[in-house]
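The structure under discussion appears below in the form of structure tokens.
Each chain gets a letter, A, B and so on, in the order the sequences are listed, and its residues count up from 1.
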2 protein chains.
Amino acid sequence: MLPVTTQQKVIRLLGQNGHRLTSQKQTVLKILFEHDRSHLTVEEIYGYAKEESSRVSIATIYKTISFLEQENVLHKIRIDNKRNCYELIHPNEPEGHPHCICTKCCKTIGIVDESVIRMLSVCEQAIKVHYHFQINLQDILYYGLCEECRKKS
Amino acid sequence: MLPVTTQQKVIRLLGQNGHRLTSQKQTVLKILFEHDRSHLTVEEIYGYAKEESSRVSIATIYKTISFLEQENVLHKIRIDNKRNCYELIHPNEPEGHPHCICTKCCKTIGIVDESVIRMLSVCEQAIKVHYHFQINLQDILYYGLCEECRKKS
DNA sequence: TTCGATGCAAAAGGTTTGCATGGGT
DNA sequence: ACCCATGCAAACCTTTTGCATCGAA
């Protein structure tokens, strides 16, 4: 759960710089807060938004999501290459952290464990050295079986 | 460059199991062999194929690519989330190795260096331990600047 | 009252599909 | 001759866009 103070900060942010805090934006934010740590598709957000209030269009959902991405509230992850997924950014966690995706139940798990993150940054360093490539952004997905699904099978 | 013996093995493979080695399939394969180590989009393959012979349709390119994917000749990588890219699988190299993508010139570099690969598998191990997640497949992209583009800027 | 945000519907762009025809084997 | 593969065009699906209208500040 994103801390309430952070939530409020985000909400305030959206009404600034000539932007307007509309009910649609608030609805989308509410949904994102309620589904923190999940990885929602646009269609899912739209579905939840219609439950909240019928006055939403899919175009607005897309526009709002782009806006929230620009404002560093939301982060796009490409879990499959058909549709995009989004997750809330947690200010104190490494941005763009790796994800595990269960190929059976489709659950996604964000990898934020410090020791793992540290190891990955060692790999990054090695790539910089070996390939003379300056890494600015990483995008790491692991596919496999989560604990529950592995136990079942 | 994929070894010629491997190329021939692939070509032979395509005429087996009730499949037919058509000129279109051969054209696509020729293009893939010639652009080994690159990461071609479907549109690019289609473009090259039309140069080779005018008798190709985009639908056939898609169908051929799916077929080659199933046959473990080709591997899909999602470099951007608009269109898919493909690269030849090299039997003796780790499948699904990481890629560096230059955000300036769009060049992609496959990471096959053994020491880096070894480090990454240590990370995998750590994830298995910390998250009780069984990793079957990895999909790792690094975005940044390649050597040439970094020198230029 | 102003002007950014919304809703609608159409467009865009990549990919898939159905079906008659072509061409390997 | 058989029947898989191809080409065409239409369908699909997600995402984007243009524009008139709405509504937050």
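Salt bridge B:K30/B:E51: absent, no basic N to carboxylate O contact under 4.0 Å. Note on A:E43 versus A:R83: no salt bridge recorded, every NZ/NE/NH1/NH2 to OD/OE distance being 4.0 Å or above.
The salt bridge (charged side-chain N to carboxylate O under 4.0 Å, His left out) search around B:R55 returns none, not counting sequence neighbours. Residues meeting the salt bridge (charged side-chain N to carboxylate O under 4.0 Å, His left out) test with B:K82, sequence neighbours left out: none. Partners of B:H99 according to the ring-ring contact (aromatic ring centres under 6.0 Å, His included) rule, which considers only residues two or more places apart in sequence or in another chain, are B:H39, B:H97. Listed by chain and number, the residues in a salt bridge (charged side-chain N to carboxylate O under 4.0 Å, His left out) with A:E147 are A:K151 (sequence neighbours excluded).
The NZ atom of B:K50 sits 12 Å away from the P atom of D:dG7 (whole-angstrom rounding).
Proximity of B:I45 to B:L32: side-chain heavy atoms (C-beta onward) are separated by under 4.5 Å at one or more points. For the pair B:I89 and B:L74, the minimum side-chain heavy-atom distance is 4.5 Å or more. Using a 4.5 Å cut-off on side-chain heavy atoms (C-beta onward), A:E148 and A:C105 make no contact. With contacts defined as side-chain heavy-atom distances shorter than 4.5 Å, the pair A:Y48/A:L40 qualifies. Side chains of A:T41 and A:N84 form no contact here, defined as non-hydrogen atoms less than 4.5 Å apart.
Residue B:K63 is in base contact, counting any heavy-atom pair closer than 4.0 Å across all strands shown.
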Check: protein-nucleotides 11-14 of chain D nitrogen or oxygen pairs below 3.5 Å:
| residue | atom | partner | partner atom | Å |
| --- | --- | --- | --- | --- |
| D:dT14 | OP1 | A:R83 | NH1 | 2.7 |

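Of the two residues near DNA chain C, A:V56 and B:Q24, the one whose nearest nucleotide lies more 5' is A:V56.
Sorted by first then second residue, the side-chain hydrogen bond (donor to acceptor under 3.5 Å, both in side chains) pairs that include residues 1-15 of chain A, not counting sequence neighbours, number zero. Applying the salt bridge (charged side-chain N to carboxylate O under 4.0 Å, His left out) test to pairs two or more places apart or on separate chains, none has a residue in residues 57-77 of chain B.
The stretch residues 67-74 of chain B does not touch DNA chain C, since none of its heavy atoms comes less than 4.0 Å from the strand.
Rounded to 10 degrees, the angle separating the terminal axes of the helix from C:dT1-D:dA25 to C:dT25-D:dA1 is 30°, with each axis obtained from five end pairs.
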Can you give one letter per nucleotide of nucleotides 20-25 of chain D, going 5' to 3': B for a protein heavy atom under 4.0 Å from the base, S for sugar-phosphate only, - for none? ---BBS
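The number of heavy atoms from other shown groups lying within 6.0 Å of CD (B:E114) does not exceed 12.
A 4.0 Å heavy-atom criterion places the boundary nucleotides of DNA chain C facing chain B at C:dG14 to C:dT25, written 5' to 3'.
In this structure, A:I109 belongs to a hydrophobic cluster whose other members, linked by side-chain heavy atoms under 4.5 Å apart, are A:I111, A:V112, A:V116, A:L120, A:I127, A:Y131, A:F133, A:I135, A:I140, A:Y142, B:I109, B:I111, B:V112, B:V116, B:L120, B:I127, B:Y131, B:F133, B:I135, B:I140, B:Y142.
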